[in-house]
Every structure is written in structure tokens, then in C-alpha cells.
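Computed from a predicted structure; not experimentally measured.
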Amino acid sequence: MRGTIDNLLVEERVFRPLPRIAAEATVNPQDILAARKHADADWKGFWEEAADELQWFRKWETVVDETNAPFYRWFSGARCNIVHNALDRHIETVNKNRLALIWEGEPGDTRKLTYFELYREVNRFANVLRGLGVKKGERVLIYMPSLPETVIAMLATAKIGAVHSVVFAGFSSGALADRIEDAQPRAIVTVDGFYRNGRVIPLKPLVDEALQHCHSLVEAVVVVHRAHLDVAMHDDRDRWWHDVMLHQPTEALTEVVEANDPLFMLYTSGTTGKPKGIVHSHGGYMVGVHRTLNWVFDLKPTDIFWCTADPGWITGHSYVIYGPLMAGTTTLLYEGHPLYPEAGRLWSMVERWGVTILYTVPTLIRMLMRFGTQYPAGHDLTTLRLLGTVGEPISPEAWVWFYKNIGRGQCPLLDTWWQTETGMIMISPLPVSLLKPGSVTKPMPGIDVDVVDEQGNSLPPRTGGYLVIKRPWPAMMSTVFNDHAAYVDMYWSQFPGWYFPGDVARKDDDGYIWIQGRADDVIMIAGHRVGTAELEAALSSHPAVAECGVIGVPDEIRGEVAKAFVMLHDDLPPFGGYVQADDMETELMEHVRRELGPVAVLKAVEFRKELPKNRSGKIMRRILRAEEFGEDVGDTSTLEEGPFCLR
């Protein structure tokens with residue numbers, strides 16, 4: 001098999017930074033050039049300089065200990081706690097009475113917490129956890145939706161040196177049981193129920209069900225009274241949040257930890273369906289997240305930062321909670337469904353709260369595109385000054401729609417690439433960068449990225465291959481919980497000495513990087529290896545297509561060809577205005593051929609009302625493949641809609 005990927009997509013649109021953006025940016029183009037030069041000449045010194053922006057109880061002995069690679073130890077010997085930087089230190093500054101958190105529930109109720117108020121709530125729950133016997137290094141599992149108590153529980157766990165494992169509230173009891181069984185938490189924090197898409201979703205009963213099916217050390221379950229449901233409480237184990245918080249002191253000692261002590265573990269199922277516990281540590285993680293948030297989003301004192309991710313995902317950890325709080329900015333949290341009660345909910349929130357930075361996922365953009373421009377046009381979005389996307393490649397058409405209709409052509413759109421495993425943004429434009437729709441542009445300063453063939457040889461521009469990261473970075477995962485061998489095998493064995501994230505990509509003549517999809521989603525068409533992201537981007541550029549997923553299927557002549565699963569825009573007539581589905585299918589096949597050339601053979605198009613997606617919005621091609629070939633679909637509890645169908 002050849003070690004390169006064909007490049008079929010040609011995107012020539014370019015968007016230059018507005019003079020106002022360039023003039024106001026904290027990091028200007030000259031700063032970026034200087035930072036790249038510094039990082040290339042002395043990458044350890046570069047990250048040491050970033051670490052000096054934070055507070056440490058004791059400085060490190062080495063910036064990065066490489067003696068047991070790939071188990072790198074960042075800021076080895078240092079003493080710190082990320083909560084000191086995210087919360088405690090602000091109490092001694094002018095940030096004390098600034099809003100740390102704005103929360104909006106789906107029914108419209110709201111809460112606001114200043115840094116001082118959040119600090120005291122975190123201290124009270126830290127005392128609760130200590131009272132329950134939770135000790136440094138032990139796990140606390142948090143099975144919660146987007147609530148202020150979720151943030152408080154995470155910070156309180158980290159404050160006492162314990163390890164939080166947040167499980168997304170949409171997961172089933174079976175998926176929860178798997179994670180409890182692996183993490184062996186001492187305590188669980190959950191909620192009676194929460195609001196989602198106009199319904200109340202009970203959650204505590206799922207904890208009870210999960211605990212019946214696993215052997216665990218769980219001694220306490222703390223339950224937040226959110227939806228006022230009448231749930232069963234086990235006298236010897238369960239406690240209401242408001243009861244245990246009563247009369248707790250508002251001060252609590254922050255545990256001093258070694259920089260490489262674990263901060264949190266987060267389960268990711270990837271494309272295999274088997275969850276693995278990704279472990280991140282205090283020191284390196286806080287340095288990487290703090291630097292990238294400030295540089296990519298160019299934070300100002302007046303910002304209201306809204307990352308729409310759920311706290312249960314890595315984006316929520318890094319850029320809803322820890323990053324914004326370390327930066328001393330105000331972060332916005334929303335409990336409910338983005339389409340409830342109507343498709344203008346997000347734009348209404350942007351207007352009401354004066355959001356200045358909006359960081360979201362392509363799947364949500366595509367979802368909102370289906371409803372046209374009347375909803376954003378009905379709201380004042382002029383407070384927005386930066387937009388960002390994360391989670392999967394964004395097609396050029398979705399990029400341009402977001403840029404023009406939400407950003408009014410005035411807001412840089414920052415397409416970021418990173419993973420649960422990397423912990424922080426790795427490849428991204430900055431607000432002063434020249435932007436190309438569909439490209440994640442260049443690696444952040446200090447990040448060494450290349451595109452290589454199967455033998456590890458660097459590939460020339462316009463040739464697709466494997467994305468690799470050649471040097472360690474601060475926020476990198478420490479290991480896979482309880483499975484160090486898997487960490488080496490999954491991420492470091494294909495290209496020894498380099499991290500392999502599993503993506504394929506190409507560079508263009510300007511050194512810009514274009515993500516072409518997952519390495520295991522490449523389709524071999526008549527000897528040409530084509531990334532699914534390019535085929536999907538081509539399909540998405542048709543005005544009738546709202547969302548799509550592409551897989552490879554056998555073909556007698558070409559070996560393999562593509563099959564597309566397509567959702568059409570809701571505001572169009574059936575089949576895009578064609579009388580028959582066959583005509584629309586033919587139109588899409590010809591459209592892809594016009595966009596990508598004769599190599600891109602689309603054998604069939606199947607029209608659907610919904611596509612299977614995981615909770616971070618990625619289309620689950622393994623589910624489409626399993627359905628296509630009549631195979632077992634495996635674990636489907638991570639699907640977007642599945643958990644809410646539970647009875």
C-alpha cells in the first residue's frame with residue numbers, strides 16, 4: 001500500500017485579517033515569528049517561559065524529563081495545583097469580584113458566580129469530599145450535565161489532589177458502569193435530573209442501575225437537586241448536595257501536588273467503541289492550556305467567553321473551565337439543547353449575555369445552517385469579535401457560512417485541531433493569521449508537526465500522508481489509566497519517537513495544514529487513497545446538502561468506491577426539488593465529480609433524516625459501515641441521541 005494520500009480538494013478562497021483586528025491583537029505577526037524562532041532554537045526554554053506566567057509553590061528541576069520516553073514528565077520536581085492558578089490566586093487580585101461563571105438553564109433560569117463566590121463554593125465542596133474520606137490520588141466520578149455544581153465538583157476534587165473523571169450525562173447506565181469499573185472511584189457526584197430539549201432527563205436512577213452491575217469501592221453518592229425529582233436515596237450511601245454543603249467552612253487547604261500527579265482522567269471511545277481512560281497531570285496541562293487559550297483567543301478584560309462544549313468532554317475541561325478560569329475571564333455555560341425552544345437559542349444567548357468569543361463544533365454549525373439565516377439575522381450579534389471551531393474538520397462551505405452569517409465578515413474564524421490526548425490546541429490560526437476555509441493553518445509555536453509517509457519520510461506540499469508530532473508538548477496525556485502498554489502501542493509504535501494522532505493530512509505551498517480525515521477512514525479508489533473529509537467537504541458544498549458521512553464499499557472494478565449518507569436541508573422540497581431521489585442522487589454524484597475530479601467515484605447516495613454522531617458531534621462512520629454490511633454496531637451508548645431514548 002502506498003504511504004501517501006491523494007489530494008483532490010482545491011480551495012482558493014483567502015480571508016485576510018482586518019486592520020482593526022491586527023491593531024488590537026496582543027500577539028501580532030511579529031510576535032508570532034519571534035515565538036516560532038525562539039521555539040525552534042530552544043523549545044524547552046519556550047515552554048519554560050510559558051510556565052513562568054503561572055504560579056508555582058516550587059519551581060521545576062527540569063522542564064521535561066525525557067529519560068523514560070514516551071512517558072515524558074513535564075516540570076518534574078515542581079510543586080503546584082491547577083486550582084491555585086484557576087481560582088485561589090484571583091482572590092488576591094482585582095478579579096476577586098469579577099464574574100467567573102455565567103450559567104443558563106434550559107428553562108431560562110440563570111446563575112452568576114464571581115471568582116470569590118466560586119472560590120468559596122469550591123472550598124465548601126472540597127471540605128465535603130475530605131469529610132467523605134476522599135484522599136489525594138483517589139478518583140471522584142462526576143456524572144453531571146452542564147451545571148455550576150459540575151464545575152464546583154471538578155475544581156474541588158482537584159483542589160484536594162484527588163482525580164476527577166467526568167462522565168458525560170448522556171451516557172447510558174451500561175457505559176457508566178464500564179467507567180466506574182475501570183476508574184474505581186471513591187465517590188460519585190450526580191444530579192436527580194436535568195433539562196434537555198424540553199424534557200426532564202432522570203440521571204440518579206442510572207447511577208443506581210450502574211452500581212448494581214459493577215464491583216466498585218464507591219462509598220458515597222452526592223446528588224444535586226436540580227429537577228426536583230423524587231428519586232430513591234440509599235441511606236448508607238446517598239447524600240443530597242444541599243445537605244452536605246450546609247455549614248461547611250468557606251476555606252479549604254489547597255493540596256500541594258507534584259507537577260506530574262494526575263489531575264483528571266477522561267474516557268474516550270475513539271473509533272473502536274472501547275473506552276480508554278486518558279490521564280492528564282496538573283503541571284504540564286495547566287501550562288499548555290493557559291498559553292494556547294490566551295494566544296489563540298487573544299483574551300481581553302471585557303470578554304465573555306462561550307465554548308459550547310459540555311464539561312464532560314476535553315474541550316469542556318480545557319476551554320470551558322480550566323483555561324478561562326486560569327485566564328481570569330468570564331465563561332458561559334448552558335445546560336440545554338441548542339435548538340430548544342427554537343433554532344435561535346444560541347443567537348439569543350449571544351445577544352443577551354454579550355458574548356464576545358464563540359467556540360463551537362462544525363456539527364452544530366451544520367445543524368444551524370439547516371434552518372437558514374433568519375434566526376441569526378433576528379439577533380444582535382455585534383458583540384462577537386472572534387469565532388472558533390473544534391472537534392472535526394469543518395468543510396469550506398460551513399466555514400464561510402459561519403464566518404459571514406454569524407461573524408458578519410468581521411470576526412476571525414479560528415479552526416483548531418487537537419484531541420483529548422493532546423489536552424490543548426496544537427494547530428490553529430491566531431486572530432492575525434491569513435485564513436483559508438477548511439485549513440487549520442499552522443502549528444502553534446512550540447509544536448513540531450509534520451506530514452509523512454508510512455516510512456516516516458516528510459512529504460512535499462500537496463501530498464497527503466500521516467500527521468505526526470515530533471516533539472513532546474506540555475499538556476500531553478500521561479498514559480492510559482491502568483494500561484501503560486496501550487499508551488505506547490496506540491500512540492507511539494507506528495512512528496517510534498513521534499506521536500501519531502491517527503489523522504491524515506497534507507500541507508499546501510504556504511505550509512498550511514489541511515486535515516483529510518482519520519487514517520482508518522481513507523478510501524482506496526482505483527489505487528488512489530482518498531480521505532473521507534475531502535469527499536464530505538465536496539458533498540457539503542452542494543446547496544441541498546446539510547450533513548453527510550462517507551464510507552468505502554467494495555467495487556469489482558476499482559476495488560473500493562465511496563458511498564454517501566446524506567441529510568438534505570429541511571427548508572428545501574424533498575430530494576432538493578427533484579421529482580425522484582434517483583435524480584438527486586445523480587446530481588450529487590456529478591457534483592462530487594465536478595468538485596474533485598474523476599478519481600472521486602461516488603457509487604451510491606442514501607438519504608437520511610439523521611446521521612449517527614457521537615456526543616462531540618463527529619459522524620460515526622463505523623456505525624454506518626456496520627449498518628451497511630449488516631455487522632454488529634457495537635457500543636452505541638456514545639451516540640448523540642441514543643442516551644435520551646432510554647426509558
Side-chain angles (χ1 to χ4, degrees), residues 103 106 139-151 153-154 157 163-183 185 188-197 199-207 209-210 214 221 223-224 226-227 264-280 307-322 333-338 360-361 363-364 390-392 419-421 423 481 612-620 623 635-646:
W103 173 82
E106 189 178 82
R139 274 78 59 202
V140 174
L141 189 142
I142 300 169
Y143 185 46
M144 299 268 281
S146 297
L147 296 178
E149 287 82 0
T150 311
V151 179
M154 290 170 67
T157 302
V163 181
H164 59 70
S165 176
V166 183
V167 176
F168 179 68
F171 282 168
S172 67
S173 62
L176 176 63
D178 289 342
R179 287 153 177 78
I180 294 173
E181 194 77 12
D182 191 67
I188 293 177
V189 186
T190 189
V191 63
D192 57 348
F194 64 102
Y195 297 90
R196 179 79 180 178
N197 211 9
R199 290 185 291 163
V200 174
I201 309 296
L203 213 59
K204 170 64 164 54
L206 300 187
V207 175
E209 193 174 308
C214 58
V221 176
V223 186
V224 176
R226 162 61 180 149
F264 66 84
M265 49 193 290
L266 196 52
Y267 285 92
T268 176
S269 56
T271 57
T272 64
K274 181 182 179 184
K276 52 184 181 292
I278 304 298
V279 180
H280 283 282
C307 172
T308 62
D310 188 279
W313 303 117
I314 187 64
T315 310
H317 282 52
S318 298
Y319 299 110
V320 173
I321 299 173
Y322 285 114
L333 198 64
Y334 171 53
E335 175 191 41
H337 195 284
T360 189
V361 292
T363 189
L364 183 54
V390 61
E392 61 178 324
Q419 303 175 309
T420 301
E421 291 85 344
F481 187 69
K613 285 179 264 182
N614 67 14
R615 284 293 179 173
S616 59
K618 294 178 182 174
I619 293 172
M620 301 286 280
I623 302 291
D635 179 11
T636 59
S637 64
T638 58
L639 290 181
E640 185 183 33
E641 293 301 328
F644 298 110
C645 296
L646 294 173

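The nearest pair of heavy atoms linking Ala183 to Met265 is CB-CE, 4.0 Å. Minimum interatomic distance between Leu333 and Pro148 (heavy atoms only, all atoms of both residues): CD2-N, 4.3 Å. Smallest separation of non-hydrogen atoms from Ala210 and Ser173: CB-O, 3.5 Å. Residues Pro311 and Thr150 approach most closely at CB-CG2, 4.1 Å, considering heavy atoms. Of all heavy-atom pairs spanning Leu203 and Pro145, the tightest one is CD2-CD, 4.3 Å. When all heavy atoms of Cys214 and Ala177 are compared, the closest pair comes out as CB-O, 4.1 Å.
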Report task. Start with the C-alpha gap between Leu176 and Glu209, add the side-chain angles, then the distance that decides, and say whether side-chain contact (heavy atoms from CB on, under 4.5 Å) holds. Result -> CA-CA 9 Å; Leu176 176 63; Glu209 193 174 308; over 6 Å; no

**Report entry** Val361 and Thr315: CA distance, side-chain angles, deciding distance, side-chain contact (heavy atoms from CB on, under 4.5 Å) verdict
**Finding:** CA-CA 10 Å; Val361 292; Thr315 310; over 6 Å; no

Query - Candidate pair Tyr267 and Asp182, rule side chain to side chain donor-acceptor pair (under 3.5 Å), full reasoning - result: CA-CA 10 Å; Tyr267 285 92; Asp182 191 67; 2.6 Å; yes

Report task. Decide yes or no on side-chain contact (heavy atoms from CB on, under 4.5 Å) for Val140 and Ile142, but give the supporting numbers first. Result -> CA-CA 6 Å; Val140 174; Ile142 300 169; 4.2 Å; yes

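Residues that satisfy the side-chain hydrogen bond (donor to acceptor under 3.5 Å, both in side chains) test with Thr360, not counting sequence neighbours, are Thr308. Qualifying side-chain hydrogen bond (donor to acceptor under 3.5 Å, both in side chains) partners for Tyr319, counting only residues two or more places apart in sequence or in other chains: Thr292. Residues satisfying the salt bridge (charged side-chain N to carboxylate O under 4.0 Å, His left out) criterion with Glu106, sequence neighbours excluded, are absent altogether. Evaluation of the ring-ring contact (aromatic ring centres under 6.0 Å, His included) rule for Phe264 yields His164, His280, Tyr285, His317 as partners, not counting sequence neighbours. Under the side-chain hydrogen bond (donor to acceptor under 3.5 Å, both in side chains) criterion, Ser146 pairs with Asp310, not counting sequence neighbours. Legend: residues meeting side-chain contact (heavy atoms from CB on, under 4.5 Å) with Asp192, ordered by chain and number and at least two apart, are Val223, His225, Arg226, Ala227, Leu229, Val231, Trp240.
Between Leu206 and Ser172 there is no side-chain heavy-atom pair separated by less than 4.5 Å. Side chains of Tyr195 and Val200 form a contact here, defined as non-hydrogen atoms less than 4.5 Å apart.
Leu266 CG to Ile278 CD1: the interatomic distance, rounded to the nearest 0.5 Å, is 8.0 Å. From Lys276, atom NZ reaches atom OG1 of Thr420 across 8.5 Å, with rounding to the nearest 0.5 Å. A distance of 9.5 Å separates OH of Tyr143 from CZ of Arg179, quoted to the nearest 0.5 Å.
Panel note: side chain Thr190, backbone Lys204; no donor-acceptor pair is recorded below 3.5 Å.
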